[in-house]
Amino acid sequence: MFRRTVRLSLSLVMLMVATLAGVVATAGTAHADGCYTWSRTLSQGATGADVTQLQIRVAGYPGSGGVLAIDGDYGPATAAAVKRFQSAYGLGADGIAAADTFTKLYALQDDDCTPIHFTYSELNDCNSTWAGGAVSAATAKSNALRTMWKLDAMRHALGDQPITVTSGFRSHACNDAVGGAASSRHLYGDAADLGAGPHSLCKLAQQARSHGFNGILGPGYPGHGDHTHLDHRASRFWSASSCGI
């Protein structure tokens with residue numbers, strides 16, 4: 001009887017250890033990501049590089065007319081953007097970035113940190129190095145990544161239908177070749193021209209007002225009858241008179 005009890009106890013201990021090991025392994029797999037992995041819950045008052053990474057991904061949810069600062073400081077504006085992101089994907093909208101929010105972000109991003117619906121090549125058909133513009137290649141590529149996350153928020157708000165990017169980053173040579181303005185935001189990598197598709201150019205321009213773009217140019221603005229232009233310029237300039245903007 002004693003031996004049977006000992007064996008039973010040992011069996012239970014081994015089962016508990018195996019179960020615990022499985023839980024740990026599963027948790028590690030579930031929370032690791034090829035691009036970036038958050039290691040703590042984030043809420044108002046938090047600061048750091050992990051906040052910056054979160055802000056890049058929710059910058060497309062600042063609210064109508066808003067622009068979310070990417071500054072590594074989890075303030076009220078970041079909390080509000082997180083709430084809008086959570087609501088958009090059916091999560092509990094408490095403004096706190098925890099496991100459920102991160103899991104959704106992991107599902108939305110590829111291993112190179114781009115949102116799954118957009119690629120670096122879509123934002124740069126000029127060259128493969130991102131060099132030759134108004135800023136360093138690294139800055140231009142970083143700016144393009146931020147543009148993609150805002151476009152992804154737009155895409156989701158528009159029913160998850162494709163958005164076609166017709167022009168993104170341009171070097172000075174590429175910009176000159178297409179007759180771009182000398183001060184074009186394309187030289188900074190933070191601009192995207194969109195073509196019509198499932199949505200009209202006006203619909204794209206109108207929707208962009210809620211996704212953190214300071215620059216919106218579209219039909220009715222000279223030279224923009226065939227595309228809608230979005231960018232991250234320092235101050236707001238919206239002009240698409242044919243679209244009521």
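All values below were derived from every heavy atom in this structure, side-chain atoms included, with hydrogens, water molecules and symmetry-related copies excluded. In this text the structure is predicted, and so the values were computed from the model without any measurement.
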What are the two closest non-hydrogen atoms of [X] and [Y], and how far apart are they?
X: T228; Y: P219; value: OG1-CD, 4.0 Å
X: A153; Y: G60; value: CB-O, 3.4 Å
X: A240; Y: A205; value: CB-CB, 4.5 Å
X: P62; Y: G66; value: CG-O, 3.2 Å
X: D231; Y: A191; value: CB-CB, 3.8 Å
X: I70; Y: A59; value: CD1-CB, 3.9 Å

Whether the side chain of [X] engages the backbone of [Y] through a donor-acceptor N/O pair (distance < 3.5 Å, no angle test) should be reported.
X: D71; Y: D73; value: yes
X: R57; Y: L105; value: no
X: S239; Y: Y221; value: no
X: N127; Y: W130; value: yes
X: R84; Y: Y61; value: yes
X: Q55; Y: T78; value: no
X: K83; Y: A93; value: no
X: D176; Y: G179; value: no
X: T147; Y: N143; value: yes
X: Q86; Y: G95; value: yes

Pair D50 + R40, salt bridge at N-O below 4.0 Å:
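Judged by the 4.0 Å cut-off on N to carboxylate O distance, D50 and R40 do form a salt bridge.
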Salt bridge check: are R170 and D193 linked by an N-O gap of less than 4.0 Å?
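A salt bridge links R170 with D193.
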Side chains of [X] and [Y]: does their closest heavy-atom pair fall under 4.5 Å?
X: N214; Y: F237; result: no
X: L151; Y: F213; result: yes
X: T47; Y: Y74; result: no
X: K203; Y: L158; result: yes
X: R185; Y: H232; result: no
X: L123; Y: F169; result: no
X: L194; Y: T166; result: no
X: L42; Y: I96; result: no

Short side-chain donor-acceptor distance under 3.5 Å, [Y] and [X]:
X: Q109; Y: T114; value: no
X: H224; Y: D226; value: no
X: H186; Y: N175; value: no
X: T139; Y: S136; value: yes

Given the rule in the side chain to side chain contact (heavy atoms under 4.5 Å, CB included) test, do T119 and E122 qualify, once you have shown the distances and angles that lead to the verdict?
CA-CA 5 Å; T119 64; E122 286 182 90; 3.3 Å; yes
Between [X] and [Y], is there a shared hydrophobic cluster once you connect ILVMFWY residues whose side-chain heavy atoms come closer than 4.5 Å?
X: M154; Y: L68; result: yes
X: Y106; Y: F118; result: yes
X: Y89; Y: L54; result: yes
X: L217; Y: V67; result: no
X: V165; Y: L187; result: no

Rounded distance [0.5 Å steps], [atom1] in [X] versus [atom2] in [Y]:
X: M148; Y: I163; atom1: CE; atom2: CD1; value: 13.0 Å
X: R209; Y: I245; atom1: CZ; atom2: CD1; value: 4.5 Å
X: C113; Y: L145; atom1: SG; atom2: CG; value: 6.5 Å
X: L204; Y: S200; atom1: CG; atom2: OG; value: 6.5 Å
X: L108; Y: I116; atom1: CG; atom2: CD1; value: 5.5 Å
X: H229; Y: I216; atom1: NE2; atom2: CD1; value: 10.0 Å

Ring-face cation of R236 near W238 (centre distance under 6.0 Å, axis angle within 45°)
yes
Let me see the working for W149 and F85 under ring-ring contact (aromatic ring centres under 6.0 Å, His included), right down to the final yes or no.
CA-CA 12 Å; W149 280 102; F85 172 82; 8.4 Å; no
